[in-house]
Amino acid sequence: MKSFYITTAIDYVNGSPHLGHAYEKVLTDVIARFRRMMGDRVHFLTGVDEHGQKVQASARKRGIAPQQYVDEISAEFRALLPRLNISNDDFIRTTEERHKKVVREVLQRLFAQGEIYKAEYKGFYSTRQEQFLQEKDRLPGGAWPEIFGEVTEITESNYFFKLRGYQDWLIEFLTKHEHFIFPSYRQKQVLEFLKEPLNDLCISRPRERLEWGIPLPFDEGYVTYVWFDALLNYYSAVADQPGVWPAAWHVIGKDILVPPHAVYWPIMLHAAGIPLPHGIIAHGWWLQSGAKMSKSTGNALNPLDLVAEFGVDAFRYFLIREMNVGQDSEFTREQFLVRYNSELANNLGNLVNRTLNMTTRFAGGVLPSAELSEEPEQELHALWAKTRDEFIPLCEGFQFHTALERAMQFVTATNAYIEKRAPWKLGKSAEPRDQALLRTSLATMAEALRLGVALIQHVTPATTAKINDVLGYVPGDAWRDELHWGQKLDGASVAAALVLFPRPAPAVPPKG
RNA sequence: GCCAGGGUAGCUCAGUGGUAGAGCAGAGGACUCAUAAGCCUUUGGUCGGGGGUUCAAUCCCCCCCCCUGGCACCA
C-alpha cells in the first residue's frame, strides 16, 4: 500500500479563521480523501503555529499568559475542521512537547555539524514594533515611517544558518525534479529567485526580546525564530511514525512559497540529512473585491456563513469547482448561488428527486434490472466510461475544477437520457416492450446516479453518503470497484423523495 | 525596474498552425417524473493593439498597452 502524507500550512494563531484558511483545509482534505479512495495509506496533518512576537504581544495586551492565549485561539481553528468535514488524522500545535523535542534535536544536529554559527547583526531597530527594519522600509526621503516610532541602529548577536552554501545544490535539485512544485510556473519563479545570491538565514532571537519560543539547545539565551519552529512541524508530527515521511506533499498558499517552503525548507532538510518531501502545492487566493463595498452597506459576506446556510458540501463543492488550483478566484455570493442553483440543485439534486419519485411511482420503490441496451443506454454507458477514465487523471493532477465539470456533464447527460426514454410515458403503456424499457430506464438512471456521486465523494462526502442511503445502497470498501457500470442496485428499496440542495427563497431585490 | 501569470461571446473560462468552443445569463420550443427543476434549438466574439514569419496565426517571433501577484530573513 502506497504511503501518502499530506499537510496544510499551520495557521498562525493571531486572529480568527477566514475563507483562506477554510479553502486550504478543504483543498487538502479533497486531496487526502481522493488518495484514500485510490487506495493509498494516507496521513493528513494540519495544525497551528503558536509561537512568536505577535502572539506574545497579543497575550500581553490581554494580560494573560501566552499559553492561555494560544489555547483559546487554537481551539477556534480546531473547531473549524469538523464544520468543514475535514478528515485530518492529526493536529499539531508548535507548543507541544513532541514538536519542541524534534526542533531542538534538529537544531542541535545542525549546530554540531557546523551549519549554524553565531554572528553579530547590525541594523535599524524599531522599539515600538519590536523588529529590525529593512532598507525598503524607508520612506523615499530616507526617513522611517511614523508607525515605527523611534528607530535606532543597534548591534545584536544571533545565530545564523548556512543557507548560502546550499544554493547550487537547490538549483540542481529543482532542475532535476521538475515537478517538485505545482503549478510548474511557480517552480520557474523559484529558480528565478535563486539567480540572486542567498544570504544566510537568521534563526534566533535573544530571549530578552522574544520569550515565547523554543530555546536553542546550544544556547538557552536565545529562542529559535519562525522557520526552524514552524516548518519543522511537518516532520516533527510524524518523526516517530515509520513509513510516513518522506512521502509528503505540502499544501500552502502562494505567499509562503518563496522563500520559506521552496528555499529554506528543502535546504534545512538536506542539511540535516532528512529526505525531502515529494512536492509542494501552492494554491492561490480567494479575492473579495466587492467585500469592502458591501461592508459599508452592512452586508458584509462572511463566506463561512454559507456553510450554515447551504451546507458544508455545497461550500466545499463551490470552492473546488470554482478555483483552478494555483490561480486566484473571485468569491461572491452571486457566483456561489449560480453554482449552487444550476449544478447542485437543478442538475444533481433534481436528478436524485426525480429518480426516487419515478422509481416509487412506476416500480413500487424497488429498483428493477436493466433488460435492454439500446442506443440511449449505450451512449450513456460510453460517456460514463470516458468520464471515469478522464476524471481520475484530472484529480491526480490536481485539476479538480475540470474533473467536477466532467462529472457534472455526466449528470446532465443522465438527465437528457431520462428525457429520451420518458418513463412517465412508458408507465402509461401496458405493452411488454414499453414495460421492459421502463424498467431499463429506471435502472439506468439510478445506476448512473450512483456512479456519478461515487465519483465526487471526496468533494461532497456527506452528499454521496446521503444519496447512497436513499438509493438503498451500501458501497463497498474499494472505491475503484464502485466505478464499474453494473447491477449493484438491482432490487434495492429506495426512499420516496429527497430534496437535496433546496433552492433558497427568491432573493430580496437588491438595493435599487 | 525585474520576474511570473493573464488579457477569447454579457459573465466565468477552455482551446488549437488551417471554417472560433463550453458553462451560466438571454431568446424560442416541445414535454410534465421532478426542487417553476429537466430536455431540445438558438442570438452573440474582427480571440488587448501594431508589425513580422508562413500558402495559412487566436495559437510562433518582435514591439506596445492594460490587469494581477512576487521581488527574502516579514506569518
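When reading the values below, keep in mind they use all heavy atoms of this one structure, side chains included, and skip hydrogens, waters and symmetry mates. None of the values given here were measured: they were computed from a predicted structure. Protein chains get the first letters and strands the later ones, always in sequence-line order, with residue 1 at the start of each.
- Under the Watson-Crick or G-U wobble criterion, with both distances below 3.5 Å, B:A72 is left unpaired in every strand shown.
- Taking the centre of each ring, A:Trp265 and A:Tyr235 stay at or above the 6.0 Å mark.
- Both A:Asn350 and A:His401 sit near RNA chain B, but only A:His401 has its closest nucleotide nearer the 5' end.
- Of the two residues near RNA chain B, A:Cys202 and A:Gln335, the one whose nearest nucleotide lies more 5' is A:Gln335.
- Separating the P atom of B:U58 from that of B:C47 is a span of 7 Å, rounded to the nearest Å.
- Computed from coordinates, the A:Gln189 CD to B:G6 P distance equals 12 Å when rounded to whole Å.
- Taking the side chain of A:Arg354 as heavy atoms from C-beta on, and the options B:C33, B:C74, B:A14, the nearest nucleotide is B:C33.
- Ring-centre distance between A:Phe77 and A:Phe91: not below the 6.0 Å cut-off.
- We find that A:Glu374 and A:Lys420 are not joined by a salt bridge, their nearest charged nitrogen and carboxylate oxygen being 4.0 Å or further apart.
- For the pair A:Arg421 CZ and B:C33 C1', the interatomic distance rounds to 16 Å; values are reported in whole Å.
- B:A34 and B:C39: their C1' atoms are spaced 13 Å apart (whole Å).
- Ion pair A:Glu379/A:Arg421 not flagged as a salt bridge, since none of the NZ, NE, NH1 or NH2 atoms sits closer than 4.0 Å to an Asp/Glu carboxylate oxygen.
- With C1' as the reference atom, B:U53 and B:C66 are 27 Å apart, rounded to whole Å.
- A:Leu198 comes within contact range of at least one nucleobase, with a heavy-atom separation under 4.0 Å.
- A:Asp49 comes within 4.0 angstrom of the backbone, heavy atoms only, and of no base.
- The residue A:Val226 sits close only to the backbone: its heavy atoms come under 4.0 Å of sugar-phosphate atoms, none of a base.
- Here the P atom of nucleotide B:U12 and the CG atom of A:Leu337 are 17 Å apart, to the nearest Å.
- Across B:A14, B:A22, B:A4, the shortest atom-to-atom separation from the side chain of A:Tyr185 is found for B:A4.
- Atom-to-atom, CG of A:Leu442 to P of B:A34 comes out at 13 Å; the value is rounded to the nearest Å.
- Residue A:Arg361 has a polar side-chain atom (N or O) positioned under 4.0 Å from OP1 or OP2 of B:A34.
- Using atom P as the reference point in both B:C62 and B:C2, the two lie 15 Å apart (nearest Å).
- Atom-to-atom, CE of A:Met408 to C1' of B:C24 comes out at 14 Å; the value is rounded to the nearest Å.
- A:Asn357 comes within 4.0 angstrom of sugar-phosphate atoms only, judged by non-hydrogen atoms across all strands, and of no base.
- A:Pro423 comes within 4.0 angstrom of nothing in the nucleic acid, heavy atoms only.
- Here the side chain of A:Trp424 is nearest to one of B:C33, B:A72, B:U12, namely B:C33.
- Searching all strands for a Watson-Crick or G-U wobble partner of B:G44 with both distances below 3.5 Å returns nothing.
- For B:C59 and B:G48, the C1' atoms lie 15 Å apart once the distance is rounded to whole Å.
- Across all strands shown, A:Leu163 has no heavy atoms under 4.0 Å from either base or sugar-phosphate atoms.
- Between B:C31, B:G5, B:A34, one nucleotide has an atom nearer to the side chain of A:Lys425 than all others, and that is B:C31.
- Remark: P of B:C73 and CG of A:Leu210 are 17 Å apart, rounded to the nearest angstrom.
- B:U41 and B:A4 have their P atoms separated by 44 Å, with the value rounded to a whole Å.
- Counting non-hydrogen atoms under 4.0 angstrom, A:Ala416 reaches the backbone sugars and phosphates but no base.
- For the P atoms, the distance linking B:C24 with B:U42 amounts to 15 Å, nearest Å.
- With C1' as the reference atom, B:G10 and B:G49 are 23 Å apart, rounded to whole Å.
- Contact annotation: A:Arg205 reaches the phosphate of B:C74 (side-chain N/O to OP1 or OP2, under 4.0 Å).
- Note on A:Arg62 versus A:Glu72: salt bridge recorded, some NZ/NE/NH1/NH2 to OD/OE distance being below 4.0 Å.
- The minimum heavy-atom distance linking A:Phe180 with A:Pro277 is given by the pair CE1-O, 3.2 Å.
- A:Arg503 has a side-chain polar atom (N or O) that falls below the 4.0 Å cut-off from OP1 or OP2 of B:A37.
- Using a 4.0 Å heavy-atom criterion, one finds that A:Thr412 contacts the sugar-phosphate atoms exclusively.
- When every heavy atom of A:Asn347 is checked against every heavy atom of A:Glu343, the shortest pair comes out as CB-O, 3.2 Å.
- Regarding A:Asn199, its CG atom lies at a distance of 14 Å from the C1' atom of B:C71, rounded to whole Å.
- Residue A:Asn346 places no side-chain atom within donor-acceptor reach of the base of B:A37, judged by atom type and a 3.5 Å distance cut-off alone.
- Ring pair A:Phe336/A:Phe310: centre-to-centre distance below 6.0 Å.
- Atom pair A:Asn324:CG and B:G69:P shows a separation of 18 Å (rounding to whole Å applied).
- Side-chain N/O atoms of A:Glu419 and base N/O atoms of B:G38 include a donor-acceptor pair closer than 3.5 Å.
- Counting any heavy atom pair closer than 4.0 Å across all strands shown, A:Glu192 reaches sugar-phosphate atoms only and no base atom.
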